[in-house]
A.B. asks: 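Sharing a structure below in structure tokens format, with a few things to ask.
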Amino acid sequence: MNTLLNKPKCRGFELAPPTSTNRSIRRPICKSLQDSDGSSTGNSPPLDYKDPDAKFKRYGNFFGGGYKWTSDWLKDVPRVRVRTAESRKMNEMLDLAVLNERLAGNLEPWEARAKLEYLKMRKQNWELAYEYITKAEVTATLAIIEEAFLKAEETLNSKNPDNISISEMKRKLIALQQQVGDAQERLQATQARVEENIQHINTLRAEAAAMERAKAATNWPKGLKEARHHNLEVPTLKEVPSKALSTSYTATESVSSLRAPKQRRNMGLHSSMELEEPLKMFWYPTEFTSRLGKDTLIPFELFGEPWVLFRDESGRPSCIRDQCAHRACPLSIGKVVDGQVECAYHGWQFRGDGECTKMPSTQQCRNVAVAALPCVEKDGFIWVWPGENAPDTVPDFTLPPSGYHIHAEISVEVPVEHGLLIENLLDLAHAPFTHVSTFARGWPVPDFVKFHAQRVLSGSWDPYPIDMAFLPPCMTLSVIGLEQPGKIERGLRSSQCKRHLHQLHVCLPSKKGHTRLLYRMSLDFMPWLRSVPLIDRVWKSVAGQVLGEDLPLVLGQQDRLVRGGDTWSFPVSYDKLAVRYRRWRNAVAAGESSGAAAASPAAMSAGELFSEDKEAVNEDTLFETCEVPAVHRGGDVKTNDVVHTYGRGFIQ
């Protein structure tokens, strides 16, 4: 029995107990009682035993044995992702956003889902975006999720400054490029100023050297006489060092004396941004008749007050204050009902004299009205009188002469004081320098020497065939003679030309620093041009280009005037027509001119404008006798009227 027990157990296989990863697998259970080193265990003698599985060892040491399925390679096998409750909520938010986009009709469902799945790929940003949306309690849409995603990205970037998003890098790059561009512009401007200053300094040095040489040449005989009187040796001019002729002190003194001449007085002229109260005592053309229809409301400002134009039940124009008597709502946003203005707020209605005739939803109150201005329709304009005691006579110099056809009527708001704009329109000398790309392209600059010689030899000479006039209180008129459309003929007066361009500018003083400009253009040729389609747009574009050339200059004058500058510090001869306007306005503001004398027009031709007439810019006289062509007043071109004006006002 013991012998049998000491014998090695018989070889065989038994079923391993089943597990979750291993079903019944056979494994060897027969074991030798002999150790691997050949020694026997216990007191039994060694046995000569051969392993029957030795022939299978070539397939591996574990061939035929039991295998453990929990080995390391199992960790690399893809596992099934387990969805947590938080991830389910995030997926529900994604599905809800897709549904909202579909209901809103902004995107197709597949497009919205594709964008959201792309955002979801960045897990950390997606989780933070989910937190922002749930805390804010907003509707889950694609735009909200993208905004929350950007906030999450900024939060993560703030925690890790080294991690900058591509969009943030693009923004920084664009900002840096903008800064570099601005720096380059400033550098170029600085270089230009430096070059200009260097050129100016060189000019001053040359002038100083020339003055010192002239001074030395003037004092040389006196020094020579003194030297000969004392029997001294006199050096020649070549032997005198150049440094001895000028020093820094004398050069500075000479330059200062040269650059600071004695200033002339401004002849008592002064400009102002204020709208003087006496200027209200005139008729003002406020709108073209063709613009005021039966059911039309035209708002405008005059002397800083709002007004509105309309036609009453009989078709006559009316002007009342653009402010409802009830709650100060602008009446111009309402409508015209049976010749009365109906307020858009509560339906109150006002007649042409300003009286309220209807108050819906309440008891009718008596003596409720808004202010009204005297209003007249004449010569294609709607005229109003903003002052007291309106006269019956309305000016008649705005109608184009017979034979002329109106081709354009344009209105525009200009951010410039109306007096500065009038002076610009009366200034003919600036045309060949300012309007080089529009109507004055190719115009020569009048040569004063040639102009004076022609005046002496022939008695009269006009550099341009242009007649200009100032029509109180705020109008300028010009008649331009044309050799052919778009080309002037030099050396002639406008009355000697066959074709004419008639221009009327009305500069209404809307408010302080603002002007309502009305422009009318008429021609005495090519009447068929009015029938060309879209020709009004062409004229408006041309007028805009001309105004665009003048506007920077006048805006600059206004800026300097506000800063305390003087726009009349040094008037010259060709400023005489603008001088007349400014003296007229100063006289009216001071109460020195009124009535018919203050309403008389002043006109002159281009030859008279450029003539060197000292009386025209003298402090004591305002005008010399000047001829006003009858075309300025709507009469025949063949005759001229003479207007004599003296003193500080227009006295006929």
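Every heavy atom of this structure was used, including side-chain atoms; hydrogens, water molecules and symmetry mates were not. Because the structure is a prediction, the values reported are computed rather than measured. Sequential numbering from 1 along the given sequence is applied to the chain's residues.
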A.B. asks: Suppose we screen for ring-ring contact (aromatic ring centres under 6.0 Å, His included). Which residues come up paired with Tyr284, at least two apart in sequence or across chains?
C.D. replies: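 With sequence neighbours excluded, Tyr284 shows a ring-ring contact (aromatic ring centres under 6.0 Å, His included) to Phe303, given in chain and number order.
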A.B. asks: Are there over 12 heavy-atom neighbours, none belonging to Lys540, within less than 6.0 Å of that residue's NZ?
C.D. replies: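 No.
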A.B. asks: Are there over 12 heavy-atom neighbours, none belonging to Arg316, within less than 6.0 Å of that residue's CZ?
C.D. replies: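 Result for CZ/Arg316: open.
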A.B. asks: Report the distance from atom CE of Met359 to atom CD of Gln363, rounding to the nearest 0.5 Å.
C.D. replies: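 Between Met359 CE and Gln363 CD, I get 10.0 Å after rounding to 0.5 Å.
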A.B. asks: Would you compute the distance between atom OG of Ser332 and atom CG of Leu297 and round it to the nearest 0.5 angstrom?
C.D. replies: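 Answer rounded to 0.5 Å: 7.0 Å.
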A.B. asks: Could you tell me whether the side chains of Thr567 and Ser271 share a donor-acceptor contact shorter than 3.5 Å?
C.D. replies: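 Yes, Ser271 and Thr567 have a side-chain donor paired with an acceptor closer than 3.5 Å.
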A.B. asks: Residues two or more places apart in sequence or in another chain: which of them pass ring-ring contact (aromatic ring centres under 6.0 Å, His included) with Phe310?
C.D. replies: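 Not a single residue meets the ring-ring contact (aromatic ring centres under 6.0 Å, His included) criterion with Phe310.
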A.B. asks: Using every non-hydrogen atom in the two residues, find where Ile422 and Pro473 come nearest and quote the distance to one decimal.
C.D. replies: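 Looking at all heavy atoms of both residues, the shortest contact is CD1-O, 4.3 Å.
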A.B. asks: Is the ring centre of Trp283 less than 6.0 Å from the ring centre of Trp385?
C.D. replies: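 Close enough - the centres of the two rings lie under 6.0 Å apart.
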A.B. asks: Picking from Lys511, Arg585, Lys512, what satisfies salt bridge (Lys or Arg N to Asp or Glu O under 4.0 Å) with Glu417?
C.D. replies: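 Running salt bridge (Lys or Arg N to Asp or Glu O under 4.0 Å) over Lys511, Arg585, Lys512 with Glu417 returns exactly one hit, Arg585.
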A.B. asks: Check the surroundings of atom NZ in Lys335: do more than 12 heavy atoms from other residues, nucleotides or ligands lie under 6.0 Å from it?
C.D. replies: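 At most 12 heavy atoms, drawn from other residues, nucleotides or ligands, come within 6.0 Å of this atom.
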A.B. asks: If the condition is side chain to side chain donor-acceptor pair (under 3.5 Å), which residues does His407 pass it with, not counting sequence neighbours?
C.D. replies: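 Applying side chain to side chain donor-acceptor pair (under 3.5 Å) to His407 gives none.
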A.B. asks: Using a 6.0 Å cut-off, check whether atom CG of Asn389 has over 12 heavy atoms from anything other than its own residue.
C.D. replies: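 Open.
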A.B. asks: I'd like to know if the side chain of Thr357 pairs up with that of Gln340 as donor and acceptor (distance under 3.5 Å, no hydrogens or angles considered).
C.D. replies: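 Yes - a donor-acceptor pair under 3.5 Å links their side chains.
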A.B. asks: Is it true that Tyr519 and Gln503 share a donor-acceptor pair across their side chains at a distance under 3.5 Å?
C.D. replies: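 On atom types as modelled, these side chains qualify, holding a pair under 3.5 Å.
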